[in-house]
Amino acid sequence: MEREYNNLAIDVGKRKCRAAVKDSDGNILDEFFFANDLDGRTRLVEAAHKYYPCRAVLESTGNMWIKVHDALEESGIDTKVAHPYKTRIIAEARIKSDKLDARILADLLRADLIYGSYVPPKEFREKRGRL
């Protein structure tokens, strides 16, 4: 039997991020904003562990995804970065909001429809983060 996960999706922004958590049936368990800083990422990790077992997906937005990804990965959460061009459903949506983007990403993760981006090794991510 396949293990059921809660699905955490994050619409990454420069200053703030929007998260949505859905269970394996697509029910919304939680939605929240968090700052894209150390305190916000700590809050995100705490929320992820609250909904354990949990897996996560975030959009690839410049270099802003790196610290969010690393915080989740270091806390033991299986984390994917959605390929921006392969996840066109969000970009093509008529109604655009961080809330809807996070919900759609959660549904795509739940259905195993995330086409992941290449995530370079941590040492290269750290160098990119300094740029």
For [Y], does its backbone N or O pair with a side-chain atom of [X] as donor and acceptor, under 3.5 Å?
X: D101; Y: D11; result: no
X: H49; Y: S75; result: yes
X: T42; Y: G40; result: no

Item to complete: Please identify each residue that fulfils side chain to side chain contact (heavy atoms under 4.5 Å, CB included) with D78, with sequence neighbours left out.
Response: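 Side chain to side chain contact (heavy atoms under 4.5 Å, CB included) list for D78, sorted by chain: R55.
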Worksheet item: Under the side chain to side chain contact (heavy atoms under 4.5 Å, CB included) test, which residues partner S24, sequence neighbours left out?
Response: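 Here the qualifying residues are E4.
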Look at the side-chain heavy atoms of Ile, Leu, Val, Met, Phe, Trp and Tyr, link any pair under 4.5 Å apart, and say whether [X] and [Y] land in one connected group.
X: L109; Y: L113; result: yes
X: F33; Y: I104; result: no
X: V68; Y: M64; result: yes
X: Y52; Y: V21; result: yes

Heavy-atom check, side chain of [X] versus side chain of [Y], under 4.5 Å:
X: L8; Y: L44; value: yes
X: T79; Y: V57; value: no
X: L29; Y: N6; value: yes

Closest contact, heavy atoms only, [X] versus [Y]:
X: A102; Y: A19; result: CB-C, 4.2 Å
X: C54; Y: I77; result: O-CG2, 3.8 Å
X: L72; Y: A56; result: CD1-CB, 3.9 Å
X: K80; Y: I114; result: CD-CG2, 4.2 Å
X: H69; Y: V81; result: CD2-CG2, 3.7 Å
X: L105; Y: I10; result: CD1-O, 3.8 Å

Worksheet item: Is the NZ or CZ atom of R43 positioned over F34's six-membered ring, under 6.0 angstrom from the centre and within 45° of the axis?
Response: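 Geometry flag: not set, cation outside 6.0 Å or 45°.
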Worksheet item: Roughly how far apart are D70 CG and R41 CZ, rounded to 0.5 Å?
Response: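 One gets 9.0 Å once the value is rounded to the nearest 0.5 Å.
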Item to complete: Nearest 0.5 Å please: distance from the CZ atom of R18 over to the CD atom of E59.
Response: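 Those atoms lie 13.0 Å apart.
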Item to complete: Please name all residues satisfying side chain to side chain donor-acceptor pair (under 3.5 Å) with E31, sequence neighbours left out, ordered by chain then number.
Response: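 Scan of E31 (side chain to side chain donor-acceptor pair (under 3.5 Å), adjacent residues dropped) gives R103.
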Practice prompt. From the options N7, N27, D107, select the one residue that forms a side-chain hydrogen bond (donor to acceptor under 3.5 Å, both in side chains) with K22.
Written response: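 Going through N7, N27, D107 one by one, the side-chain hydrogen bond (donor to acceptor under 3.5 Å, both in side chains) with K22 is satisfied by D107 alone.
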Discussion item. Taking CZ in F32 as the centre, count heavy atoms belonging to other residues, nucleotides or ligands within less than 6.0 Å. Is the count above 12?
Written reply: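 Atom CZ in F32 is packed in, count exceeds 12.
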